[in-house]
Amino acid sequence: MTPFDASPRRSRQVGWSEFVSASMRRICHCVLVAQFLSGGLSLVAGAQTHFRRGVNIHHALNWAALVGSPDQRYVFPPFADRSHDLAVADLRAIRSAGFDFVRMTVDPGPFLQFQGAQRDSAEGILLNRVQIVLDVGLAVIVDIHPNNQTAEYKAAALADGVDGKRFSAYVSMLARIAARLRPLDRSRVALEIMNEPPVRGGSEADAAWERMLIRAYAAIRQRAPNLTLIVSGAQAGSAAGLMGLNPRPFVADPAVLFTFHYYEPYTFTHQSTDQVDAFRWLRNVPYPASERSIHGAMTALAASASASPVPIARRDEILTQSRAMLNQYAKSNFNHRTIEAAFDSLTAWAARYRLAPSRVLLGEFGVMRTYGHYQGAENADRVRWLSDVRIAAESHRIPWAVWVYKGYGGMAIVTADDSSEIDPLTARALGLNAPTRPN
């Protein structure tokens, strides 16, 4: 899934396996893709036309304020402070740039903790924000997006099994929200069941998540038979997780989309993030891997480590990990062909189940930037990676949503954390219109 979940208070964790397929499997996939492109396969297409190019909005309905320890109670009403404002001017700038939808992340905690009139009020706030987006002319994905702010409402706690107490409460919440969304324009509103499901561990884990997904789907369909729904596989919403999902329970429903996130290779996209020790001192990592010698990144790594207050023993351990990652990346020859091969695999997976590629959604992709106090990828490298991923998605007819419009963490596409103007280089890489300042 998302590489990390940045907020002014905390960020979420990383960590899942790469998914590039073995050579023989890739050959088989290419055959399926060729059949699809030549018209040899009839695919089940969805009715969605408003989800093509999107951007994630993570600041408006996530990281709800807490009263504090030890009760971990949410402030009521939630999302009412200035940091959670959803400005119409921002949404107009997003639409003007050429985006047609937003994927709005929603912290489920308040909707699970509040009861009665307070819960009704919180759901009303959510509906109000959705309507604001629609009124500007954008479509919207309501992405139920747990964070790690509290132990009780983080994703790992909520996905406690098909009959788990917390998952049962989560399913009830989904059904209520779906019923609230039902009267809205179903061609422009979608509900994502869970961002980056935390279930991991091979076929048994995939099957466990599928059982949870089927239960949630059935409960939602009882309350909202035609609402567009978005499902993902296990393994934190990765492409590998999606390709491990058996989509047959959902294929015949044209109002179901299938999503995945793409941040490969993390050595490049997550350089300098402090959410994983092995990435924190990475700088000047090239893209493609062969763009320049890895020597510059090794030098920058050593300099960053020497300036760190981390104890020497731990510093040496992190340096060893980081150097190994850089050497492995340098040998990988990761480039646009690697990205294309990953999307070939996804398209082949869809073709195998007779799914139109437009029903597969790239829900997140992004790179750590160098701006303000952030020291991420070099601009030229970042632009190349964003462009290559975007082109790969579009050439495979897969809609996409970039991470993230604004907020803390280092992947915002605006010029600065306190800005609403889209970075011109990012806009160019995404094939968007020249940015304009919000009114």
Side-chain angles (χ1 to χ4, degrees), residues 1 5 12-13 15-16 64 72-74 105-116 118-120 122-123 126 142-182 190-225 227-238 240-253 255-261 353 363:
M1 119 173 158
D5 197 346
R12 71 178 158 182
Q13 301 173 0
W16 45 88
Q72 297 289 282
R73 303 294 300 177
Y74 291 100
T105 75
V106 178
D107 182 350
F111 303 94
L112 290 165
Q113 189 176 94
F114 293 136
Q115 299 297 317
Q118 286 190 331
R119 186 177 67 193
D120 292 343
E123 292 173 358
L126 168 60
V142 176
D143 162 42
I144 308 302
H145 194 112
N147 59 51
N148 291 334
Q149 187 172 211
T150 67
E152 188 174 359
Y153 301 117
K154 64 182 182 180
L158 296 172
D160 62 349
V162 67
D163 296 317
K165 180 178 179 180
R166 288 177 176 166
F167 184 70
S168 296
Y170 186 81
V171 168
S172 296
M173 178 206 68
L174 288 171
R176 288 195 310 272
I177 290 176
R180 290 273 204 154
L181 296 173
R182 178 180 177 179
L191 175 63
E192 186 168 340
I193 289 176
M194 181 183 281
N195 177 72
E196 298 185 350
V199 183
R200 307 170 189 275
S203 58
E204 289 187 11
D206 289 340
W209 172 243
E210 286 170 20
R211 288 192 293 271
M212 286 186 272
L213 203 54
I214 290 169
R215 180 180 176 187
Y217 171 80
I220 292 168
R221 278 291 175 252
Q222 286 183 345
R223 304 289 298 276
L227 179 66
T228 299
L229 298 180
I230 299 178
V231 302
S232 61
Q235 303 179 47
S238 64
L242 181 59
M243 291 188 290
L245 176 72
N246 175 10
R248 287 190 178 93
F250 319 106
V251 166
D253 184 343
V256 174
L257 306 180
F258 301 84
T259 191
F260 71 101
H261 296 172
Y353 294 101

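Everything quoted here is computed from the prediction, not taken from an experiment.
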State, yes or no, whether a side-chain contact exists between [X] and [Y] at a heavy-atom distance under 4.5 Å.
X: R180; Y: D120; value: yes
X: S168; Y: R215; value: yes
X: M194; Y: L213; value: no
X: T259; Y: E192; value: yes
X: D107; Y: Q149; value: yes

Using atom types as modelled and distance alone, determine if a side-chain donor or acceptor of [X] lies under 3.5 Å from a backbone N or O of [Y].
X: R223; Y: I177; answer: no
X: R176; Y: F111; answer: yes
X: Q113; Y: Q72; answer: yes

Nearest 0.5 Å, please: how far is [atom2] in [Y] from [atom1] in [X]?
X: F260; Y: L245; atom1: CZ; atom2: CG; value: 13.5 Å
X: R73; Y: F114; atom1: CZ; atom2: CZ; value: 7.0 Å
X: L126; Y: E123; atom1: CG; atom2: CD; value: 7.5 Å
X: I144; Y: L112; atom1: CD1; atom2: CG; value: 9.0 Å

Minimal non-hydrogen separation, [X] against [Y], with atom names:
X: L174; Y: L191; result: O-CD2, 4.0 Å
X: A178; Y: A224; result: O-CB, 3.7 Å
X: A216; Y: I193; result: CB-CG2, 4.1 Å
X: W209; Y: S232; result: NE1-O, 2.8 Å
X: I230; Y: A190; result: CD1-CB, 4.0 Å
X: P110; Y: Y74; result: N-CE1, 3.7 Å

Heavy atoms of other groups near Q115 CD, more than 12 under 6.0 Å: yes
Please identify each residue that fulfils side-chain hydrogen bond (donor to acceptor under 3.5 Å, both in side chains) with E210, with sequence neighbours left out. none
Applying side-chain contact (heavy atoms from CB on, under 4.5 Å), can you list everything that pairs with R221, at least two apart in sequence or on another chain? Y217, L227, L229, D253, A255, V256
Ignoring hydrogens and angles, write down the donor-acceptor pairs under 3.5 Å from the side chains of residues 151-167, residues two or more places apart or on other chains.
residue : atom : partner : partner atom : Å
D160    : OD1  : F167    : N            : 2.9
D160    : OD2  : K165    : N            : 3.4
D160    : OD2  : R166    : N            : 3.1

After noting the C-alpha distance and the side-chain angles of Q235 and D206, does the key distance pass the side chain to side chain contact (heavy atoms under 4.5 Å, CB included) rule? CA-CA 8 Å; Q235 303 179 47; D206 289 340; 3.5 Å; yes
Taking it one step at a time, do N195 and T105 satisfy side chain to side chain contact (heavy atoms under 4.5 Å, CB included)? CA-CA 8 Å; N195 177 72; T105 75; over 6 Å; no
